[in-house]
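The figures here come from the full heavy-atom set of this structure, side chains too, leaving out hydrogens, waters and symmetry mates. Both counts, for ligands and for their atoms, begin at 1 and track the order of listing.
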Amino acid sequence: MYQQIVVLTGAGISAESGLRTFRDQDGLWEEHHIEDVATPEGYERDAELVERFYNSRWQQLHSGTVVPNAAHLALAKLEAEFTGQLLIITQNIDDLHERAGSRRLLHMHGELSKGRCPRSRQTFILRDPFGASNCCTCCIPAQRLRPHVVWFGEMPLGMDSIHDALDNCDLFIAIGTSGTVYPAAGFVDAANHHGAQTVEVNMMAPDRHCQFQYHLTGKAGELVPKLVDTILAGQVIGSESSL
Ligand code: BJW
């Protein structure tokens with residue numbers, strides 16, 4: 001029976017909701033240069049190009065066609081019914097975990113629904129897409145809000161809480177992430193080091209350097225509900241479980 005679970009999610013968990021991943025075939029990085037849209041230098045060079053990139057994703061998220069899938073819903077059920085502690089750390093900037101009902105959630109790469117004052121770092125909920133009219137109310141003169149996202153070379157959010165959770169968890173699950181972006185890619189090492197069981201759910205089979213003790217190959221929307229039922233039944237993953 002697990003006591004403290006940490007779940008790390010990546011773009012793959014939202015793929016079945018219709019949001020594109022980054023590095024899969026047809027992923028966002030096929031159409032956009034990382035250094036143009038996901039670095040502070042790119043934003044300094046051309047803020048409007050970066051705003052267009054995030055605005056098109058903001059519009060898709062608010063189009064009414066994107067809803068949480070079975071994997072998001074299963075994690076919310078886990079939070080509601082698990083008697084131990086659960087923390088979801090998401091690299092995703094969408095709000096599908098919240099819409100599914102998850103509350104103990106940390107957005108380590110920021111949130112698409114927020115803008116941030118570049119001077120005070122105060123965040124504001126975005127009612128409209130980015131543009132010259134989207135300014136802070138904390139400074140005089142008002143500052144143009146930047147996307148509240150973590151770009152390459154910037155420090156991810158909530159790292160102290162994340163390290164505390166990883167040091168103390170007995171089960172670490174990574175869902176739908178390619179494990180190419182640090183520091184998130186190193187969380188499995190930290191969890192292994194502290195004696196946790198480590199499990200990966202991914203559409204792709206693991207490579208030989210896989211650091212996870214168990215790998216479940218398939219779609220998150222199919223596997224995560226089964227994984228959650230196994231945990232809630234008090235079973236240990238990989239032994240008596242049917243997974
Ligand atoms: C399914 C599925 C289905 C599909 N079911 N599965 C050299 C060595 C080591 C590190 C570095 C280095 N040089 C630089 C670094 C650090 C750098 C880094 O890691 N670079 C690497 C590329 C090498 N990291 C950083 O800069 C980070 N900050 C940092 O390290 O701070 C410390 C520091 C600061 C200052 C000075 C010094 C140190 C910041 C990283 C920021 C990442 N930002 C982005 C974009 C912003 C948000 C946004 O626009 O949405 O975050 S990049 C992008 O990648 C996004 C994602 O959150 C992130 C991870 O992607 P993810 O989620 O894994 O998606 P994919 O597409 O890669 O994978 C999807 C997976 O799902 C695949 O595996 C599929 O198979 C699977 N899948 N459908 C199950 N249905």
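The shortest N or O to N or O distance between Tyr54 and ligand 1 is below 3.5 Å. At a 3.5 angstrom cut-off on N or O pairs, Phe22 counts as close to ligand 1.
Of the protein's heavy atoms, Phe152 CD2, 3.8 Å lies nearest to atom 17 (C) of ligand 1. Regarding atom 73 (O) of ligand 1, its nearest protein heavy-atom neighbour is Asn202 ND2, 3.0 Å. Atom 2 (C) of ligand 1 has its closest protein heavy atom at Met203 CG, 3.2 Å.
Of all atoms in ligand 1, listed by their number and element, those nearer than 4.0 Å to a heavy atom of Met204 are 75 (O). Under a 4.0 Å criterion applied to the non-hydrogen atoms of Ala220, ligand 1 contributes the atoms 3 (C), 5 (N), 79 (C).
Closest to atom 54 (O) of ligand 1 by heavy atom, among Arg23, Gln91, Glu16, is Arg23. Compare Leu19, Val50, Thr180 by their heavy atoms: the one nearest to atom 23 (C) of ligand 1 is in Thr180. Considering each of His109, Glu200, Arg20, the one bringing a non-hydrogen atom nearest atom 51 (O) of ligand 1 is His109. Counting heavy atoms only, Arg57 comes closest to atom 50 (O) of ligand 1 of the residues His107, Arg57, His32. When Ala205, Gly176, Ala185, Gly218 are ranked by how near their heavy atoms come to atom 71 (O) of ligand 1, first place goes to Gly176.
At a heavy-atom cutoff of 4.0 Å, ligand 1 is contacted by both the backbone and the side chain of Thr177. Contacts between Ala15 and ligand 1 below 4.0 angstrom, taking non-hydrogen atoms only, involve the side chain exclusively.
Between Arg146 and Glu51 there is no salt bridge, since no side-chain nitrogen of the basic residue lies less than 4.0 Å from a carboxylate oxygen of the acidic one. No salt bridge links Asp94 with Arg99; every basic N to acidic carboxylate O contact stays at or beyond 4.0 Å. A salt bridge is absent between Glu111 and Arg57: the closest approach of a Lys/Arg side-chain nitrogen to an acidic carboxylate oxygen does not fall below 4.0 angstrom.
Checking each of Val66, Thr90, Ile13 against Leu96 for a side chain to side chain contact (heavy atoms under 4.5 Å, CB included) leaves exactly one that passes, namely Val66.
Ligand 1 has at least one atom lying under 4.0 Å from a heavy atom of Pro156.
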